[in-house]
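Here the structure comes first, spelled out in structure tokens, and everything after it is commentary.
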Amino acid sequence: MKKVLALIMAFVAVIVCYSFIGNKRPKSPLSFTGKPANKVQLGEMLFFESQLSATRQLSCASCHIPEHGFADTVAFSKGINGRLGKRNAPSCTNLSGRPYLFYDGRAATIEEQVKFPIEDANEMGIPIGEVVKRLNKDREYASLFKAIFNEPPTEENLKAAIAAFERTLETSHTPFDRYMNDDSTAISASAIRGRELFMGTKAKCFDCHFSPDFTGDEFRNIGLYDGVQFTDEGRAAISKDKNDLGKFKVPGLRNVAVTRPYMHNGMFKTLREVIDHYDDPFKAVPHPINIDTLLQNPLHLTEMEKQDLENFLLTLTDDRFIKKVAN
């Protein structure tokens with residue numbers, strides 16, 4: 001009888017312990033300890049919160065991985081129930097001041113951007129209103145929103161908090177920035193040659209990748225649309241303008257070395273593949289439609305020039321991601 005009672009007690013203890021563990025909020029690599037004290041910290045907490053997905057298994061950080069420049073490592077991210085997204089997940093860094101977000105530019109602000117992946121059926125798959133209901137039922141979140149926003153969780157303050165966190169993801173601690181601040185030893189001779197090539201008329205990189213974040217916030221067709229194998233219409237699906245067919249938002253190049261694979265469809269796995277494509281776009285897509293005039297003729301880059309360009313791009317990596325470049 002004592003043995004039976006002991007077994008019952010042990011079983012109950014396991015159930016209680018499992019219940020406690022199962023209801024604990026999963027730990028996240030937050031930059032702060034304790035409770036969030038402002039909307040930036042609350043936004044960071046929400047960025048790692050799996051309650052924002054229908055299955056309670058995915059968060060923003062599932063596809064925007066901090067150690068990989070807040071981008072993913074695969075061509076198409078897996079959403080709820082293993083569904084694949086339609087485009088490569090771009091980096092969340094250096095978004096402040098961008099007039100367009102997403103490859104097709106369908107969002108004009110970071111706040112507006114927050115809603116799309118939450119409600120996308122292939123991503124987090126839940127109406128944002130349902131997320132708000134969950135947060136209101138969660139005593140911890142209800143208390144935090146009340147303390148920080150002086151109101152319960154709403155769609156607007158949810159988006160405001162996540163956007164506030166994403167605006168902190170600016171990166172300027174790079175070898176390139178140190179070089180530009182008069183440290184002539186910060187980058188190699190090859191990278192310096194690569195910068196000159198990047199800025200010059202042969203490679204023509206700077207025609208599209210200018211500004212401090214190396215993007216002109218324009219939409220360009222780089223030859224990855226042919227209407228047959230490559231059918232993503234890009235900006236045209238939003239603007240309904242046939243002149244935008246196959247155009248995609250020019251991404252910023254900061255931290256580009258850690259955000260592979262590349263392009264809206266993730267088709268290039270390395271920076272060298274990207275450089276090779278720009279050198280001659282017609283090798284990857286022989287009959288592109290509406291390709292940009294800048295790319296209508298091969299660049300004829302030499303092997304050394306390609307290596308110099310790649311070495312320059314490596315210098316745009318923020319210090320927090322440097323170790324990933326080596327890997």
Side-chain angles (χ1 to χ4, degrees), residues 24-74 77-80 85 87-98 101-102 107 109-120 122-138 140-149 152-171 251-252 254-255 258-259 318 320-321 324:
K24 285 182 69 178
R25 192 179 307 285
K27 291 184 178 180
S28 304
L30 301 177
S31 64
F32 60 92
T33 57
K35 291 184 178 182
N38 51 53
K39 67 178 180 180
V40 169
Q41 292 182 345
L42 177 59
E44 182 178 357
M45 186 173 175
L46 289 164
F47 192 85
F48 292 93
E49 178 54 69
S50 59
Q51 288 196 71
L52 272 62
S53 67
T55 58
R56 290 184 166 87
Q57 295 178 324
L58 298 173
S59 69
C60 303
S62 298
C63 302
H64 299 281
I65 306 167
E67 57 266 36
H68 291 282
F70 288 86
D72 208 344
T73 58
V74 293
S77 303
K78 283 187 177 181
I80 60 169
R87 291 181 182 142
N88 181 251
S91 171
C92 287
T93 61
N94 304 298
L95 296 183
S96 294
R98 304 273 77 84
L101 298 165
F102 295 106
T109 65
I110 302 178
E111 285 82 0
E112 186 181 347
Q113 169 267 328
V114 169
K115 184 176 181 177
F116 283 96
I118 292 175
E119 295 195 330
D120 192 301
N122 293 320
E123 298 184 50
M124 301 169 90
I126 183 172
I128 197 168
E130 291 300 312
V131 173
V132 171
K133 289 179 181 178
R134 288 182 180 181
L135 297 177
N136 274 286
K137 290 178 181 179
D138 186 302
E140 182 179 6
Y141 274 119
S143 175
L144 290 172
F145 273 86
K146 183 66 175 177
I148 293 171
F149 287 101
T154 67
E155 177 180 334
E156 293 309 310
N157 58 30
L158 165 62
K159 293 190 293 188
I162 295 177
F165 168 62
E166 291 189 355
R167 285 193 175 93
T168 69
L169 304 179
E170 299 296 300
T171 60
R254 287 186 176 272
N255 310 309
V258 296
T259 60
D318 192 82
R320 76 181 83 175
F321 306 126
K324 286 296 175 183

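Heavy atoms only: backbone and side chains are in, while hydrogens, waters and symmetry mates are out.
With rounding to the nearest 0.5 Å, the separation of CD1 in Ile148 from NZ in Lys35 is 10.0 Å. Going from atom CD of Gln51 over to atom CD of Gln57 covers 13.0 Å, rounded to the nearest 0.5 Å. One finds the CG atom of Asp72 at 7.5 Å from the CG atom of Asn88 (value rounded to the nearest 0.5 Å). Distance check, rounded to the nearest 0.5 Å: CD1 of Ile80 to CG of Asn122 gives 8.0 Å.
Asn255 places no side-chain N or O within 3.5 Å of a backbone atom of Phe321 that could act as its donor or acceptor partner. With hydrogens and angles ignored, the 3.5 Å screen pairs a side-chain donor or acceptor of Asn157 with a backbone N or O of Thr154. Although no hydrogens or angles enter the test, the distance criterion places a donor-acceptor pair under 3.5 Å between the side chain of Asn136 and the main chain of Val132. Here the side chain of Arg254 pairs a donor or acceptor atom with the backbone of Thr171 at under 3.5 angstrom. Side-chain N or O atoms of Ser53 include one that pairs as donor or acceptor with a backbone N or O of Leu58 at under 3.5 Å. A side-chain donor-acceptor contact under 3.5 Å links Asn38 to the backbone of Gln41. Formation of a donor-acceptor pair under 3.5 Å by the His64 side chain with backbone atoms of Pro90 is found in this model.
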Practice task
May I have the step-by-step check of side chain to side chain contact (heavy atoms under 4.5 Å, CB included) for Ile118 and Val131, ending in yes or no?
Solution key: CA-CA 9 Å; Ile118 292 175; Val131 173; 3.9 Å; yes
Could you walk me through whether Ile162 and Leu52 pass side chain to side chain contact (heavy atoms under 4.5 Å, CB included), step by step?
-> CA-CA 12 Å; Ile162 295 177; Leu52 272 62; 3.8 Å; yes
Requested in this report: Assess whether side chain to side chain donor-acceptor pair (under 3.5 Å) is satisfied between Glu170 and Ser96, documenting all intermediate values.
Outcome: CA-CA 8 Å; Glu170 299 296 300; Ser96 294; 3.3 Å; yes
**Prompt:** So Ile110 and Arg167, side chain to side chain contact (heavy atoms under 4.5 Å, CB included) or not? Walk me through it.
**Reply:** CA-CA 8 Å; Ile110 302 178; Arg167 285 193 175 93; 3.6 Å; yes
(request) Please test Asn94 against Leu169 for side chain to side chain contact (heavy atoms under 4.5 Å, CB included), starting from the C-alpha separation and ending with a verdict. (result) CA-CA 6 Å; Asn94 304 298; Leu169 304 179; over 6 Å; no
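More than 12 heavy atoms of other shown residues, nucleotides or ligands fall within 6.0 angstrom of atom NZ in Lys159.
Using a 4.0 Å cut-off between a side-chain N of Lys or Arg and a carboxylate O of Asp or Glu, Glu49 and Arg56 do not qualify as a salt bridge. Contact check on Glu155 versus Lys115 returns a salt bridge, with a Lys/Arg side-chain nitrogen under 4.0 Å from an Asp/Glu carboxylate oxygen.
Using the six-membered ring where Trp is involved, Tyr141 and Phe145 have ring planes that are tilted, between 30° and 60° apart. Using the six-membered ring where Trp is involved, Phe48 and Phe165 have ring planes that are tilted, between 30° and 60° apart.
Of the N and O atoms on the side chains of Glu44 and Ser31, at least one donor lies less than 3.5 Å from an acceptor on the other residue.
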